[in-house]
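Each remark here refers to the structure printed beneath this line.
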Amino acid sequence: MKKAVVICFLMMLALTTRAQYKNWLDSLLHLVKTDKMTPEKEIGVYHLITHAYSARDMKNTYLYGMKGLELAQKAGDKKMITTFYQYISSTYIYRASYDTAFMYQQRQMDLAIKTQHPILLQQACFGMGNFYARQGKFARAVENYLQALRFYDEGPYESIDLPTVLANPEKSFLLYNPQRTRILCLGNTGEC
C-alpha cells in the first residue's frame with residue numbers, strides 16, 4: 001500500500017512540474033510575440049526559451065537558438081553569441097552532423113578565447129568535450145573536460161536564481177551554473 005501511495009505521489013509531482021514548465025515556456029513564447037523589448041531583454045528571453053527546449057526538443061532548440069544568435073550578433077553580445085553557438089552545436093551533435101557541430105563548437109571556442117571570460121571558456125571546453133565524447137574520442141574529450149575544470153577554478157562567479165532571471169531576462173547569462181558544469185565535467189571524465 002505504501003509503495004502505491006509513493007508512486008501516485010511521484011506521478012502527481014511529475015505532472016505538476018511538467019505543467020509548471022509548460023506554463024513558464026508558454027509565457028516566454030507569448031512574451032516574444034507580443035511584447036516590445038529592448039534588444040538585451042529579447043536576447044535574454046530567447047536564451048531562456050532555448051535553454052528550456054535544450055535536451056528536450058532539438059528542433060525548437062535549434063529554431064530559437066538561431067533566432068537568439070541572430071539577435072546577439074546584431075547587438076554584438078559576445079557572451080550570448082558563444083552561448084547560442086553551444087546550443088546550436090548540441091543540436092548538430094544530437095543529429096550526428098559532426099562537421100557542422102564542430103564548426104559551431106570552434107566558433108564558440110574562438111570567441112571564448114578572444115574574450116578570456118572564464119565562464120565562456122569553461123562552457124566552450126565542456127562543449128568540445130561533449131563533442132569528442134559523442135564520437136568516442138575519449139582522450140580528446142577528457143582533455144577538454146580537464147581544461148573546463150581549470151577555468152572553473154578561476155571563479156568566483158556571479159549567478160542569480162530563476163525567478164530573478166524571469167523578472168530580468170536580460171540577465172539570463174547569470175543563470176549559468178559553473179558548479180553544475182564542474183560536476184558534469186567530473187562525471188563525464190569518469191564516464192570516459
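No experiment lies behind these values; they were computed from the predicted model shown.
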Return all side-chain donor-acceptor pairs below 3.5 angstrom for residues 60-67, not counting sequence neighbours, or 'none' if the list is empty.
{"from": "Asn60", "atom 1": "ND2", "to": "Asp57", "atom 2": "OD2", "distance (Å)": "2.8"}
{"from": "Thr61", "atom 1": "OG1", "to": "Tyr53", "atom 2": "O", "distance (Å)": "3.1"}
{"from": "Thr61", "atom 1": "OG1", "to": "Ser54", "atom 2": "N", "distance (Å)": "3.2"}
{"from": "Thr61", "atom 1": "OG1", "to": "Asp57", "atom 2": "O", "distance (Å)": "2.8"}
{"from": "Tyr62", "atom 1": "OH", "to": "Tyr92", "atom 2": "OH", "distance (Å)": "3.4"}

State the [atom1]-[atom2] distance between [X] and [Y], to the nearest 0.5 angstrom.
X	Y	atom1	atom2	result
Leu149	Asn144	CG	CG	11.0 Å
Gln122	Cys185	CD	SG	6.0 Å
Lys59	Thr91	NZ	OG1	13.0 Å
Leu69	Arg107	CG	CZ	8.5 Å

* Asked: Does any non-hydrogen side-chain atom of Leu120 lie less than 4.5 Å from one of Lys79?
  ->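 Yes, their side chains come closer than 4.5 Å.
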* With a 4.5 Å heavy-atom cut-off, do Met128 and Gln106 have their side chains touching? ->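 Yes; the side chains approach each other to less than 4.5 Å.
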Under 4.5 Å between side-chain heavy atoms, counting indirect links through other Ile/Leu/Val/Met/Phe/Trp/Tyr residues: same cluster for [X] and [Y] or not?
X	Y	value
Met37	Ile43	yes
Met109	Tyr98	yes
Tyr132	Tyr94	no
Met103	Ile81	yes
Ile88	Leu111	yes

* Non-hydrogen atoms of Phe84 and Ala72 that approach each other most closely ->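 Of all heavy-atom pairs spanning Phe84 and Ala72, the closest is CD1-CB, 4.3 Å.
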* Nearest non-hydrogen partners of Cys192 and Ala141, listed with the distance ->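 Heavy-atom minimum between the residues: SG-CB, 3.9 Å.
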* Which other residues belong to the hydrophobic cluster containing Phe138, where Ile, Leu, Val, Met, Phe, Trp and Tyr are joined when side-chain heavy atoms lie under 4.5 Å apart, directly or via other members? ->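 Answer for Phe138: none, a lone residue.
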* All side-chain hydrogen bond (donor to acceptor under 3.5 Å, both in side chains) counterparts of Gln108, not counting sequence neighbours ->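 Gln108: side-chain hydrogen bond (donor to acceptor under 3.5 Å, both in side chains) contacts with Gln86, Gln105.
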Okay, side chain of [X], backbone of [Y]: is any donor-acceptor separation there less than 3.5 Å?
X	Y	answer
Asp77	Gln73	no
Ser89	Tyr85	no
Arg150	Leu146	no
Thr100	Ser97	no

* Sequence-distant partners of Tyr145, ring-ring contact (aromatic ring centres under 6.0 Å, His included), two or more places apart ->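 Partners of Tyr145 under the ring-ring contact (aromatic ring centres under 6.0 Å, His included) test: Phe126.
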* **Residues which pass ring-ring contact (aromatic ring centres under 6.0 Å, His included) with Tyr87, listed by chain and number, not counting sequence neighbours** =>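 If we apply the ring-ring contact (aromatic ring centres under 6.0 Å, His included) test to Tyr87, skipping adjacent residues, the hits are His47.
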* Thr181/Gln123 under side-chain contact (heavy atoms from CB on, under 4.5 Å): CA gap, chis, key distance, verdict -> CA-CA 8 Å; Thr181 302; Gln123 284 179 323; 5.8 Å; no
* Sequence neighbours excluded - salt bridge (charged side-chain N to carboxylate O under 4.0 Å, His left out) pairs with any residue from residues 113-137 ->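 Pairs touching residues 113-137 that pass the test: none.
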